[in-house]
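Report on the structure given below.
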Protein chains: 2
Amino acid sequence: MKIPNQNPSICSCVNLRRASRAITRIYDKALEPVDLKITQYSVLANVARSGPLSSSNLARILRLDRTTLVRNLKSLEAAGFIEEHPEVTDPRERAIRITEAGRQMVEKARPLWVQAQQQVEDHLGSAALQQLTTLVTSLETLSDHIA
Amino acid sequence: MKIPNQNPSICSCVNLRRASRAITRIYDKALEPVDLKITQYSVLANVARSGPLSSSNLARILRLDRTTLVRNLKSLEAAGFIEEHPEVTDPRERAIRITEAGRQMVEKARPLWVQAQQQVEDHLGSAALQQLTTLVTSLETLSDHIA
DNA sequence: ATGATATACGTGCATATACACGCATAGTTC
DNA sequence: GAACTATGCGTGTATATGCACGTATATCAT
């Protein structure tokens with residue numbers, strides 16, 4: 001017996017996680033031609049834009065757990081898209097920089113990302129996307145408040 | 001140099017993933033006393049409600065990749081909250097059932113889940129939660145359409 | 001009955017996520 | 001300058017996520 005797909009849950013968390021998985025599929029699919037996932041593109045584009053910076057600072061920018069970021073950086077470094085060097089001003093820090101190959105990859109991936117962005121905006125409408133930014137901020141505020 | 005926390009991204013996917021991580025922190029925190037994560041509670045509560053069913057059907061209900069679900073079930077089975085038995089009508093299927101210990105766990109966890117639900121609703125407002133259900137449906141539709 | 005197709009299931013692999021530790025160095029206070 | 005505190009970093013462990021495969025059984029078409 002085969003059960004059909006299901007409606008949204010009554011649990012906000014479950015719904016948000018479902019939405020997250022769904023949109024990730026959309027973006028990952030769009031980035032498939034350059035063999036990048038949206039998580040990797042996101043990190044790479046941020047390193048490209050925010051210049052050399054430490055993993056702690058990058059984690060704060062991405063609102064991602066630092067130790068999670070450390071592992072995510074591994075694959076990007078293995079692929080030769082970023083490199084790390086000891087920071088002179090503070091020996092504890094390691095400065096993360098994008099490489100030339102990394103910069104080229106970002107350039108190649110950007111149009112695919114734009115396409116996914118457009119696809120989602122066309123389907124959801126810009127109002128929904130605006131509400132989404134509010135949602136993020138509210139939830140992060142609540143989460144920070146609790147922790 | 002320490003960089004402060006960041007505003008929402010211009011990328012809808014990144015924002016949704018951020019929101020997902022934030023709300024997961026909130027629910028996981030609420031469920032901490034019973035040592036369950038929201039992902040596990042979600043699966044367990046669904047098994048409890050939807051009675052014995054196959055992993056494929058449960059995956060469709062949860063809109064979760066079947067192979068992902070299979071691993072998630074492992075820890076619940078190891079904890080003794082669910083059990084699997086071969087299905088008589090179709091030897092390929094395995095019927096997943098909640099155990100007595102599982103049922104007790106759901107009972108114990110439910111008030112904590114309700115508390116998280118309430119907390120989020122108080123902070124975001126019911127209108128935002130309603131928009132969220134629309135968002136889930138739209139994104140899953142778009143994702144299905146593309147795939 | 002046979003062959004094609006659909007469905008069910010599990011595992012290997014890669015990545016994502018985050019908590020709990022421990023170690024090293026910077027900064028602050030006395 | 002010594003003690004305390006804050007910050008930066010990486011790893012161990014556990015879970016979450018999904019794609020690519022291979023295997024087994026059901027179902028359907030002829």
Side-chain angles (χ1 to χ4, degrees), chain A residues 1-3 13-14 17-29 31-32 35-43 53-60 62-79 84-96 143 147, chain B residues 1-3 13-14 17-29 31-32 35-43 53-60 62-79 84-96 143 147:
Chain A
M1 184 192 50
K2 188 169 164 180
I3 287 182
C13 184
V14 166
R17 291 180 65 91
R18 271 174 63 169
S20 171
R21 290 196 298 269
I23 201 171
T24 299
R25 279 194 296 274
I26 295 168
Y27 279 72
D28 278 355
K29 185 81 177 177
L31 289 172
E32 219 176 47
D35 213 40
L36 269 191
K37 312 188 83 181
I38 180 60
T39 45
Q40 300 171 321
Y41 175 75
S42 162
V43 171
L53 80 178
S54 68
S55 61
S56 291
N57 278 334
L58 184 53
R60 274 190 281 267
L62 298 170
R63 297 256 357 177
L64 192 56
D65 186 273
R66 182 186 56 81
T67 68
T68 296
L69 177 60
V70 165
R71 328 267 174 150
N72 295 1
L73 289 172
K74 283 280 171 64
S75 62
L76 292 175
E77 191 172 17
E84 299 187 27
H85 296 287
E87 179 62 72
V88 283
T89 63
D90 187 336
R92 292 174 306 175
E93 294 190 12
R94 294 179 58 73
I96 300 161
S143 168
Chain B
M1 182 193 48
K2 188 169 165 180
I3 287 182
C13 184
V14 166
R17 291 180 66 91
R18 272 173 63 168
S20 171
R21 290 196 299 269
I23 202 171
T24 299
R25 280 194 295 274
I26 295 168
Y27 279 72
D28 278 355
K29 186 80 177 177
L31 290 173
E32 218 176 47
D35 212 41
L36 269 191
K37 314 189 83 181
I38 180 59
T39 45
Q40 301 172 321
Y41 175 75
S42 163
V43 172
L53 81 177
S54 69
S55 61
S56 291
N57 278 335
L58 184 52
R60 274 189 282 268
L62 299 169
R63 298 262 349 183
L64 190 58
D65 185 273
R66 181 186 55 81
T67 68
T68 297
L69 176 61
V70 165
R71 329 270 173 148
N72 295 1
L73 289 172
K74 285 279 171 65
S75 61
L76 293 176
E77 190 172 18
E84 299 187 26
H85 298 288
E87 178 61 74
V88 282
T89 64
D90 188 337
R92 291 174 308 175
E93 293 190 11
R94 295 180 58 73
I96 299 160
S143 168

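Each chain gets a letter, A, B and so on, in the order the sequences are listed, and its residues count up from 1.
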Is the shortest heavy-atom distance from the side chain of [X] to the side chain of [Y] under 4.5 Å?
{"X": "A/Glu87", "Y": "A/Ser54", "answer": "no"}
{"X": "B/Arg17", "Y": "A/Thr39", "answer": "yes"}
{"X": "B/Arg21", "Y": "A/Leu64", "answer": "yes"}

Whole Å only: how far is the [atom1] atom of [X] from the [atom2] atom of [N]?
{"X": "B/Leu69", "N": "C/dA8", "atom1": "CG", "atom2": "P", "result": "13 Å"}
{"X": "A/Arg71", "N": "D/dG12", "atom1": "CZ", "atom2": "P", "result": "8 Å"}
{"X": "B/Glu87", "N": "D/dA26", "atom1": "CD", "atom2": "C1'", "result": "14 Å"}
{"X": "B/Arg18", "N": "C/dA16", "atom1": "CZ", "atom2": "P", "result": "17 Å"}
{"X": "B/Leu36", "N": "D/dA16", "atom1": "CG", "atom2": "P", "result": "10 Å"}
{"X": "B/Asp35", "N": "C/dA20", "atom1": "CG", "atom2": "P", "result": "11 Å"}
{"X": "A/Glu93", "N": "D/dG10", "atom1": "CD", "atom2": "C1'", "result": "15 Å"}
{"X": "A/Ile23", "N": "D/dT17", "atom1": "CD1", "atom2": "C1'", "result": "16 Å"}

[X] vs [N]: side-chain N/O to OP1/OP2 distance below 4.0 Å:
{"X": "B/Ser56", "N": "C/dC9", "answer": "yes"}
{"X": "A/Asn72", "N": "C/dT15", "answer": "no"}
{"X": "B/Thr24", "N": "C/dT17", "answer": "no"}
{"X": "A/Arg66", "N": "C/dA16", "answer": "no"}
{"X": "A/Arg94", "N": "D/dG10", "answer": "yes"}
{"X": "A/Arg25", "N": "D/dG18", "answer": "yes"}
{"X": "A/Ser55", "N": "D/dC9", "answer": "yes"}
{"X": "B/Lys74", "N": "C/dC9", "answer": "no"}
{"X": "B/Lys29", "N": "C/dC19", "answer": "no"}
{"X": "B/Arg92", "N": "D/dA26", "answer": "no"}
{"X": "B/Arg17", "N": "C/dT17", "answer": "yes"}
{"X": "A/Thr39", "N": "C/dA16", "answer": "yes"}

Which residue lies toward the 5' end of DNA chain D, B/Pro91 or A/Ala95, if each is placed at its nearest nucleotide?
A/Ala95
Using heavy atoms to find the nearest nucleotide of DNA chain D for A/Val70 and A/Ala22 separately, return the residue whose nucleotide is more 5′.
A/Val70
Output yes when a side-chain donor or acceptor of B/Ser42 lies under 3.5 Å from a complementary backbone atom of B/Ile38, and no otherwise.
no
Classify A/Ser54 by what it touches in the nucleic acid, base, sugar-phosphate, or nothing, heavy-atom distance under 4.0 Å.
sugar-phosphate
At their closest point, which heavy atom of A/Arg25 faces which heavy atom of B/Arg63, and how far apart are they?
NH2-NH2, 4.0 Å
Nearest heavy-atom approach of A/Asp65 to A/Ala59 is C-CB, 4.4 Å
Between [options], which one does the side chain of [X] approach most closely?
{"X": "B/Glu84", "options": "C/dG10, C/dC19, D/dA16", "value": "C/dG10"}
{"X": "B/Thr67", "options": "C/dT11, C/dA18, C/dC9", "value": "C/dT11"}
{"X": "B/Arg21", "options": "D/dG8, D/dA16, C/dT17", "value": "C/dT17"}
{"X": "B/Leu64", "options": "D/dT17, C/dA16, D/dA26", "value": "D/dT17"}
{"X": "B/Gln40", "options": "C/dA16, D/dG18, D/dT15", "value": "D/dT15"}

5′-ward residue of the pair A/Arg63/A/Asp90 relative to DNA chain C:
A/Arg63
Which sits closer to the 5' end of DNA chain C, B/Lys37 or A/Ser75, going by the nucleotide each is nearest to?
A/Ser75
Working to the nearest 0.5 angstrom, can you tell me the gap between B/Lys29 NZ and B/Lys37 NZ?
13.0 Å
